[in-house]
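Here is the structure we will look at.
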Number of protein chains: 2
Amino acid sequence: MLPKDIDRTDLRILNVLQQDARITNQALADRVALSPSACLRRVRDLEARGLITGYRAQVAVDRIRTATIVLAQVTFGRHALDSFGEFDRRILDMPEIVEACRISGAHDYMLRVIVNDVHEWKDIARMLLGGDYGVERIVSHFLMDEVKPFSGYPLTSSRRKA
Amino acid sequence: MLPKDIDRTDLRILNVLQQDARITNQALADRVALSPSACLRRVRDLEARGLITGYRAQVAVDRIRTATIVLAQVTFGRHALDSFGEFDRRILDMPEIVEACRISGAHDYMLRVIVNDVHEWKDIARMLLGGDYGVERIVSHFLMDEVKPFSGYPLTSSRRKA
DNA sequence: CCTGAAATCCACTATTG
DNA sequence: CAATAGTGGATTTCAGG
């Protein structure tokens, strides 16, 4: 169930850091009932092993710039796996595309894009369609309201078996 | 273009903190060419004004637990605005639903859900459909690959006018 | 793998420009 | 508003169990 190289103390550390990445090491050590030095060593270890992939400030971007956020589903025509590679490289290059997932189902990618307005999105969508990546169709949705903003994953599944 | 209560120094601070929330105040001050005290005052101000909404460690959740991540589009039947409120409260309560956005277009919500397996997702989807919230249809996509993981928003739009 | 102490280094405040 | 300097406290290393 739990990977054998992660114990409950690690989980507690990760849970706290998911909620408050800027907590002091001392306070963190208190919350997980460890001495500061032991706690720090675990945190460094979690970083080195790639279990913590980064620490990010969450910014209210809509209060800083004009921001229209688009969730776009991209469908490919021919499924040449190579064309995925080209497409991937392209979207990694575009700062407006802030997130991209390959998904199962009727569509191939789900993108999250930030633009100033709908016209800018039109330009980008046209670019993706016309770039000869094999993109056949783009379905876009505009984000109206962040009802539940992401604030970390549950690291233990709460749901119990029947 | 830029809100008058945010200057370029604030933007640089936000940009650095988006990439590395655990940087020390001194190093941050260096990077934005400010004294530590001036820098710290700005950071506290950005927090107090709600422009920074939190600091989060990014965790490689798939290396910690069995994780199937679902992107689900939820469509309502009758558009009673009240039923949205009930639905909202419900999803805020469910730890498996880690993000929820109201969107425009053919569907009403986009959810990001983490479950152990497809069966668990089936249970949750059935719950949402049967809970008398007015949910009419759920289209689900399973996340196959995080091609471009979210790592902060561009705070200045790079695209220039034609 | 932990604790505890010692030595840095940093956050934060007061003071001043 | 920003810089400088001081002090209380935190981070980090290391010795030892």
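Proteins get letters first, then strands, A, B, ... in listed order; numbering begins at 1 in each. Any value given below was found using the heavy atoms of this structure, including those in side chains, with hydrogens, waters and symmetry copies removed.
Checked against the 6.0 Å centroid threshold, B/F76 and B/Y109 count as a close aromatic pair.
The pair B/R41-B/D45 does not count as a salt bridge, with every side-chain nitrogen at least 4.0 angstrom from each carboxylate oxygen. For A/R89 and A/E86, the salt-bridge test fails: no basic side-chain N is under 4.0 Å from an acidic carboxylate O. We find that A/R42 and A/D7 are joined by a salt bridge, their nearest charged nitrogen and carboxylate oxygen being less than 4.0 Å apart.
A/R56 and B/Y55 share no side-chain donor-acceptor pair at under 3.5 Å. Looking at A/T68 and A/D117, their side chains never bring a donor and an acceptor atom within 3.5 Å of each other.
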### Message
One character per nucleotide, please: for nucleotides 9-16 of chain C, 5' to 3', B when the base has a protein heavy atom closer than 4.0 Å, S when only the sugar-phosphate does, - otherwise.
### Response
-SSBB---
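As a whole-Å value, the separation of A/D30 CG from C/dT3 P is 12 Å. Rounding to whole angstrom units, CG of residue A/L28 and C1' of D/dT12 are separated by 15 Å. Atom CZ in A/R42 sits roughly 8 Å away from atom C1' in C/dC1 (whole-Å rounding). Between B/R41 atom CZ and D/dC1 atom C1' the separation is 6 Å, expressed in whole Å.
With A/V98 as reference, A/I114 is the one residue of A/I114, A/V113, A/L111 to meet the side chain to side chain contact (heavy atoms under 4.5 Å, CB included) rule.
Partners of A/R12 according to the side chain to side chain donor-acceptor pair (under 3.5 Å) rule, which considers only residues two or more places apart in sequence or in another chain, do not exist here.
The stretch residues 47-56 of chain A has no heavy atom under 4.0 angstrom from DNA chain D at all.
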